[in-house]
Amino acid sequence: MKFKKALITGITGQDGSYLAEFLLKKKYIVHGIKRKSSSFNTSRIDHIYENKTYNNKFFLHYGDLLDSNSLTNLISKIQPDEIYNFAAQSHVGVSFQLPNYTSQVNSIGALNLLHAIYDCGLAKKTKFYQASTSELYGEIQETKQSEKTKFYPKSPYATSKLFAYWISKNYRESYEMFASNGILFNHESPRRGETFVTRKITLGLSKIVYGLEKCLYLGNLYSLRDWGHARDYVEMCWKVLQYKKPDDFVIATEKQYSVKFFVEQCFKYLDIKIKWQGKGLKEYAKIVHFDIKKYPLLKKNMKIVKISKNYFRPNEVNNLIGNANKAKRLLKWKPKINIHQLIKEMMDTDLELTRKSNLK
Ligand code: NAP
Ligand code: F7E
């Protein structure tokens, strides 16, 4: 039996790790590109590498989206059936400080990959998935954003992803390449990077509960996001490449919540009652009720969440909510995990992680 071969860029990231697990369960041979790093960067995939079931099925290679030679060499050697381009400088806030680097990796990096496929003579064989994003909608032009909504990127990150979106379409139309865009709305998990807001909240509150930190500092509490679960969404990325033709799909839960709501739900899950006071940069949440036996290190009236101007962006995307009708209809997909299940999984994992690291 011939197994399909997939190549994943960004395999050490949140989505790359979940997609690798998903494809291995589907009997794919999975190759991943990891960057050279001065410290270990494979914690999200070590468990796969160490799993004997996946001996000779899971391979890691050094490479970089900015090193086109490494991409051409790998693609020519592996001859993958599917490539998932997840590699990116993916932090919107950071992209304002690293606009040039972000554009190189996210825009030229995607082009490097597409052209490597073309140069290797694989334009008609290798399917290409581009990790596009709801950030393309930025200053929204329609209340629920679909594949037809006009883009209005508001950050170097979003603008760099706009190039990647269009260059993928260009290669589709110019060379009949199977190149598709998944326009994914925010998706989170216990493997989410620690500087993205949901993980910052679940990890930050866990550290406070265990006495390792005193306060959680956040930026804009009022931005609205459509948050799904990464494990759920990578299945969708795969489905996008199994569709009969290359196309672009919005993936979203179609439900919207504020950052403040996410914070409140985490406290609710912990069974700690808080009260918000103040406005603007002076807004804060203080503890009004909790069980001292369960949380001996907390104190009543302790200011547990404060606002810091450091976490505001020069230009904010305030309001995102997707319309995933096309994906539901054509790919027979719907999200399985709701925000409360997501919060439970993230809080439980971070509490356990903090408890263990506290014992060391
Ligand atoms: P992530 O956790 O930040 O992972 C990014 C990955 O890209 C990491 O493996 C990183 O390697 C790698 N990378 C960065 N620069 C690279 C380079 N120059 N060459 C090769 N690899 C490089 O991101 P994610 O949340 O999994 O998201 C996956 C993709 O989907 C990204 O393209 C992101 O922009 C896009 N996206 C994400 C969301 C979301 O809500 N998560 C929504 C829409 C779109 P290191 O581990 O070495 O840093
Ligand atoms: O911010 C606000 C922040 O950094 C969400 C990336 O995966 O999803 C992600 O981009 C919201 C923003 O994600 C803090 O201002 C408040 O309004 O978690 P985030 P993001 O910017 O939506 C899209 C779809 C991607 O494609 C990206 O790759 O939360 N916020 N206080 C904060 N954000 C952060 N990071 N830290 C705070 O303290």
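In each ligand, atom 1 is the first atom listed, and ligand 1 is the first ligand listed. The first residue in the sequence is number 1, and the count goes up from there.
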Heavy atoms only, cut-off 4.0 Å: how does Phe312 contact ligand 2, side chain, backbone, both, or neither? neither
Of the non-hydrogen atoms in Ala6 and Leu23, which two are nearest, and what is the gap between them? CB-CD1, 3.6 Å
Candidates Leu60, Thr42, Asn55 - the one meeting side chain to side chain contact (heavy atoms under 4.5 Å, CB included) with Tyr49: Leu60
Atom 12 (C) of ligand 2 - nearest protein heavy atom and its distance: Arg225 NH2, 3.5 Å
Before accepting this row, confirm whether a basic side-chain N of the pair Lys125/Asp81 lies closer than 4.0 Å to the acidic partner's carboxylate O. yes
Same cluster (ILVMFWY, side-chain, under 4.5 Å), Phe86 and Leu114: no
Counting C-beta onward and ignoring hydrogens, is there a side-chain heavy-atom pair between Val92 and Phe96 closer than 4.5 Å? yes
Ligand-side contact atoms (ligand 2) for residue partner Val92, heavy atom cut-off under 4.0 Å: 10 (O), 21 (O)
Report, in ascending order of atom number, the atoms of ligand 2 lying under 4.0 Å from any heavy atom of Tyr157. 25 (C), 26 (O), 27 (C), 28 (O)
Any idea which atoms of ligand 2 are less than 4.0 Å away from a heavy-atom of Gly219? 14 (C), 16 (C), 31 (N), 38 (O)
Hey, is Leu218 touching ligand 2 through its side chain, its backbone, both or neither, going by heavy atoms under 4.0 Å? both
Run the salt-bridge test on Asp350 and Lys207 with the 4.0 Å N-O cut-off and return the result as yes or no. no
Which of the numbered atoms in ligand 2 are under 4.0 angstrom from any heavy atom belonging to Thr133? 23 (C), 24 (C), 25 (C), 26 (O)
Which protein residues come within less than 4.0 angstrom of ligand 1, counting heavy atoms only? Gly10, Thr12, Gly13, Gln14, Asp15, Arg35, Asn41, Asp64, Leu65, Phe86, Ala87, Ala88, Ser90, Val105, Ala131, Ser132, Thr133, Tyr157, Lys161, Leu184, Phe185, Asn186, His187, Arg192
Less than 4.0 Å is my threshold; does some heavy atom of Glu188 fall inside it relative to ligand 2? no
Assess the pair Tyr137 and Tyr152: is the distance between their ring centroids shorter than 6.0 Å? no
How close does the nearest protein non-hydrogen atom get to atom 20 (P) of ligand 2, and which residue and atom is it? Asn186 ND2, 3.7 Å
Side chain or backbone, does Ser134 bring an N or O within less than 3.5 Å of an N or O on ligand 2? no
Any donor-acceptor pair under 3.5 Å linking the side-chain atoms of His115 with those of Tyr171? yes
Would you find a donor on one side and an acceptor on the other, under 3.5 Å apart, between the side chain of Lys57 and the backbone of Val30? no
Considering both backbone and side-chain atoms of Phe196, is one of its nitrogen or oxygen atoms within less than 3.5 Å of a nitrogen or oxygen in ligand 2? no
Output the list of atoms in ligand 2 that are nearer than 4.0 Å to some heavy atom of Lys200, sorted by atom number. 37 (C), 38 (O)
With a 4.0 Å heavy-atom cut-off (strictly under), which part of Val259 contacts ligand 2: side chain, backbone, both or neither? side chain
Tyr257 and Phe261 aromatic centres sub-6.0 Å: yes
Salt bridge between Lys245 and Glu176, side-chain N to carboxylate O under 4.0 Å? no
Starting at OH of Tyr118, measure out to NZ of Lys124 and round the result to the nearest 0.5 Å. 9.5 Å
Atom indices of ligand 2, in the order listed, that fall short of 4.0 Å to a heavy atom of Glu316: 3 (C), 12 (C), 15 (O), 17 (O)
Any Gly93 heavy atom less than 4.0 Å to ligand 2: no
If you look only at distance, which donor and acceptor atoms sit under 3.5 Å apart when one is on a side chain in residues 178-191 and the other is two or more places apart or in another chain?
| unit_1 | atom_1 | unit_2 | atom_2 | d |
| --- | --- | --- | --- | --- |
| Ser180 | OG | Asp247 | N | 3.1 |
| Ser180 | OG | Asp247 | O | 3.3 |
| Asn181 | OD1 | Ser132 | OG | 2.8 |
| Asn181 | ND2 | Tyr165 | O | 3.3 |
| Asn181 | ND2 | Asp248 | OD1 | 3.1 |
| His187 | ND1 | Phe185 | O | 2.8 |
| His187 | NE2 | Asp15 | OD1 | 3.2 |
| His187 | NE2 | Asp15 | OD2 | 2.6 |
| Glu188 | OE1 | Arg192 | NE | 2.7 |
| Glu188 | OE1 | Thr198 | OG1 | 2.5 |
| Glu188 | OE2 | Arg192 | NH2 | 3.0 |
| Ser189 | OG | Gln14 | OE1 | 3.0 |
| Ser189 | OG | Tyr18 | OH | 3.4 |
| Ser189 | OG | Arg191 | N | 2.9 |
| Ser189 | OG | Arg192 | N | 3.4 |
| Arg191 | NH1 | Ser17 | OG | 3.0 |
| Arg191 | NH1 | Glu21 | OE2 | 3.3 |
| Arg191 | NH2 | Glu21 | OE2 | 2.7 |

Just heavy atoms, cut-off under 4.0 Å: does Arg313 contact ligand 2 by side chain, backbone, both, or neither? side chain
Distance to 0.1 Å, residue and atom name: give those for the protein heavy atom nearest to atom 16 (C) of ligand 2. Asn220 O, 3.2 Å
Between Ser90 and ligand 2, which residue portion shows a heavy-atom distance shorter than 4.0 Å: side chain, backbone, both, or neither? both
When you look for heavy atoms under 4.0 Å from ligand 2, do you find them on the side chain of Arg192, its backbone, both, or neither? side chain
What are the atoms of ligand 2, with element, lying closer than 4.0 Å to any heavy atom of Glu135? 22 (O), 23 (C)
Side-chain donor-acceptor pair present, Gln341, His229, cut-off under 3.5 Å: no
Numbered atoms and elements of ligand 2 in range of Ser223, under 4.0 angstrom, heavy atoms: 2 (C), 11 (C), 12 (C), 17 (O), 29 (O)
In this structure, CG of Asn73 is separated from OG of Ser68 (nearest 0.5 Å) by 9.5 Å
Run through Tyr243, Trp238, Tyr129 and flag the one making a ring pair (Phe, Tyr, Trp, His ring centres under 6.0 Å) with Phe249. Tyr243
What residue and heavy atom of the protein are closest to atom 14 (C) of ligand 2, and at what distance? Val197 CG2, 3.5 Å
Quick one: look at Thr195 and ligand 2, take heavy-atom pairs under 4.0 Å, and tell me if it's side chain, backbone, both or neither. backbone
Among Leu162, Ile108, Leu111, Leu113, find the one that has a side chain to side chain contact (heavy atoms under 4.5 Å, CB included) with Ile167. Leu111
